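First up is the structure itself, then whatever we jot down about it.
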There are 2 protein chains.
Amino acid sequence: MVTIKDVAKVSGVSPSTVSRVIANNPRISEDTKKKVRKAMKELGYHPNVNARNLVAKSTKAIGVIMPSSANVALQNPFFPEILRGIGSVIHEAEYSMYLSTGETEKEILSEVQRMVYGSYVDGVILLYSRINDKVTNFLREQGFPFVMVGKPQEHDTEITHVDNDNVRAGKEITQHLIDMGHEKIGFIGGSRDLLVTRDRESGYVAALEKAGIQECEGYKIHTEFLKSGGREAVEHLMSLSTPPSGLVVSDDLISLGILSMLESYGLRVPQDISLVSFNNVYLSEITRPALTTVDIQIYTLGAQSAKALIEKTLNKNEPAKRIIIPYEIVYRDSVSQLS
Amino acid sequence: MVTIKDVAKVSGVSPSTVSRVIANNPRISEDTKKKVRKAMKELGYHPNVNARNLVAKSTKAIGVIMPSSANVALQNPFFPEILRGIGSVIHEAEYSMYLSTGETEKEILSEVQRMVYGSYVDGVILLYSRINDKVTNFLREQGFPFVMVGKPQEHDTEITHVDNDNVRAGKEITQHLIDMGHEKIGFIGGSRDLLVTRDRESGYVAALEKAGIQECEGYKIHTEFLKSGGREAVEHLMSLSTPPSGLVVSDDLISLGILSMLESYGLRVPQDISLVSFNNVYLSEITRPALTTVDIQIYTLGAQSAKALIEKTLNKNEPAKRIIIPYEIVYRDSVSQLS
DNA sequence: CTGTTAGCGCCTTCAT
DNA sequence: ATGAAGGCGCTAACAG
């Protein structure tokens with residue numbers, strides 16, 4: 001391995017001068033800079049991060065924590081997309097990105113502890129927001145810089161988070177169904193432990209209320225991500241004496257499963273039943289029918305969270321903030337006008 | 001930050017003793033071990049990786065390189081799934097995982113160079129295999145430990161890689177179509193720059209040959225991953241004087257797009273046209289119809305590549321190997337018997 | 001402008 | 001079985 005000393009020797013200067021050249025210190029003459037850089041090139045020198053981090057007490061790396069991967073939720077294209085968003089600013093800032101890999105909450109916690117205690121990273125991005133989350137609590141207790149994608153369960157003024165206004169989005173998309181003449185509207189959500197599910201559900205409820213529509217017993221269902229849960233949800237809904245004519249589904253991926261179930265029940269979307277959902281994952285464009293869904297700008301969510309985190313690691317006094325990314329409803333073919 | 005010295009002071013021993021306790025050196029008495037460990041716990045001591053890496057000249061970290069993310073290919077659930085597989089053994093071995101984030105090939109190359117030159121990682125996993133890949137070449141030239149998921153374009157006896165027998169799989173799945181009475185069989189593949197596309201295509205060709213079926217002009221198409229390309233592919237195929245009755249599609253995600261296009265042309269699968277594909281991503285179960293596809297065991301692909309890489313970083317003399325993961329055809333509802 | 005010195009936190013001889 | 005000393009590669013005062 002080529003070290004700073006080798007470069008120093010070859011270019012006939014001291015190691016510290018080389019170090020300063022690397023940092024592009026203005027107090028080094030252009031001549032020596034040139035000389036040193038030439039030597040670096042010749043020798044194929046590249047600084048060793050570990051040595052650098054050791055003295056700098058900073059790693060220029062951030063940890064990205066996915067939710068526990070025991071279930072298929074992780075298969076959601078949401079993740080590659082948000083990773084891309086994070087990656088773009090990480091790359092720009094010349095940071096690196098550590099990915100958590102745990103399957104269970106316990107494994108994840110231990111990984112985060114390793115990252116934090118072992119100075120692997122300067123900060124952490126949490127790609128989920130869930131009730132009573134040990135990881136969140138740990139990070140808070142440690143006072144370790146982190147930002148959350150989604151809304152914190154509590155202490156939301158102390159935790160920097162990047163989120164959509166999911167309540168409003170839920171309200172608005174439900175309102176769309178109402179505007180199209182629907183009154184019997186069901187809600188199918190993912191786990192209620194996820195804050196995002198709760199928010200979207202609140203929006204749904206608010207829209208109904210505002211329209212003076214009575215909430216129906218049994219119209220609200222929570223299910224696991226894919227088909228198994230989807231099956232039950234659809235079975236349940238359709239066995240009701242007055243089944244809904246419209247569905248608000250909290251995630252495009254769930255919608256996919258629902259769509260499939262609906263079809264197997266001989267129900268056509270949107271002719272027999274309308275459906276709207278959230279995320280606008282690329283898949284929602286190629287389902288049949290294409291989904292009317294809320295585009296939450298996943299990429300931006302990722303990019304902004306990375307940006308906020310980096311700022312925070314650079315300046316410990318950076319105040320906590322809430323960053324709300326605008327959403328936009330994308331109208332496609334999964335909703336029909338009820339006369 | 002709590003250091004080894006603090007622990008030493010509190011437990012009344014020297015720093016080196018503490019270090020030995022961490023390494024669980026057998027020449028330290030159980031008594032002092034106990035004493036030291038107690039102090040570590042009290043103080044909340046955790047070793048600093050950077051310091052450790054610096055002297056150990058190893059990072060216990062691996063880099064994972066995704067293909068360039070300029071296109072939607074990255075949205076393929078293949079990636080979260082393979083990441084899970086890698087993660088499982090990484091975690092087990094107490095390694096960490098760096099994720100590349102570049103969007104273009106150039107960015108990716110520069111990231112890999114940083115990883116390698118800067119001693120960020122001990123080895124690298126390439127999640128793709130493409131023609132004339134600069135990253136692969138760089139890694140080879142450097143003699144840096146890496147393994148590839150897929151088949152190397154060249155030097156395949158020198159590069160450890162984890163792959164399926166895609167030629168055979170392609171042949172077998174095509175044979176299935178033939179067995180079901182199909183003779184006019186088209187092939188829709190992703191980029192020909194990807195080795196995997198080529199292999200699957202070779203299998204397709206081999207099956208036709210074996211069955212004595214003449215390859216038809218215009219039956220082979222290569223397209224970008226999602227809909228835009230899918231549209232053209234379907235348009236082209238269906239405008240042929242004798243359109244195919246069966247389709248071999250090189251990736252489930254492409255199949256999704258094709259399915260959608262087909263439907264918009266009023267073609268029903270499998271009644272009007274049959275379709276088989278590859279990967280058995282969870283989505284292929286909830287499409288309508290559910291896809292008959294080759295289960296390539298993505299998770300295992302990831303786990304085995306991580307395992308092979310770790311072995312390689314631990315023992316530089318570990319010979320290059322080819323690891324072939326078995327596949328299995330999953331029969332579902334996208335193929336019909338032709339009488 | 002540049003060199004010298006010290007030290008980041010840890011591990012590893014070499015002593016004892 | 002344990003301690004002392006040196007060094008991994010780099011940066012940051014402090015001199016000059």
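Just so you know, these numbers come straight off a predicted model, no measurement behind them. Letters A, B, ... mirror the listed sequences (proteins, then strands); counts begin at 1.
- Rounded to whole angstrom, the span from the CE atom of M40(B) across to the P atom of dG9(C) amounts to 17 Å.
- In this entry the distance linking CG of N25(B) with C1' of dT2(D) reads 10 Å, nearest Å.
- Residue T17(B) has no polar side-chain atom (N or O) positioned under 4.0 Å from OP1 or OP2 of dT2(D).
- Atom CD of E92(A) has 12 or fewer heavy atoms from other residues, nucleotides or ligands within 6.0 Å.
- Under the rule for a salt bridge (charged side-chain N to carboxylate O under 4.0 Å, His left out), K106(A) has no partner lying at least two apart in sequence or in another chain.
- Using modelled atom types, no side-chain atom of K60(B) and backbone atom of V121(B) make a donor-acceptor pair closer than 3.5 Å.
- Between the side chain of H161(B) and the backbone N or O of I159(B), at least one donor-acceptor pair lies under 3.5 Å.
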>> I'd like to compare against my own output: the B/S/- annotation of nucleotides 5-16 of chain D with a strict under-4.0 Å heavy-atom distance to protein.
In response: ---BBBBBB---

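- Applying the 4.0 Å criterion to OP1 and OP2 of dT2(C), one finds that S29(A) has a side-chain N or O inside that range.
- Following rounding to the nearest Å, N24(A) (CG) and dT2(C) (P) show an atom-to-atom distance of 13 Å.
- A donor-acceptor pair under 3.5 Å is absent between the side-chain atoms of T17(B) and the main chain of V13(B), judged by distance alone.
- Close placement of the Y117(B) and F138(B) rings is indicated, their centers lying within 6.0 Å of each other.
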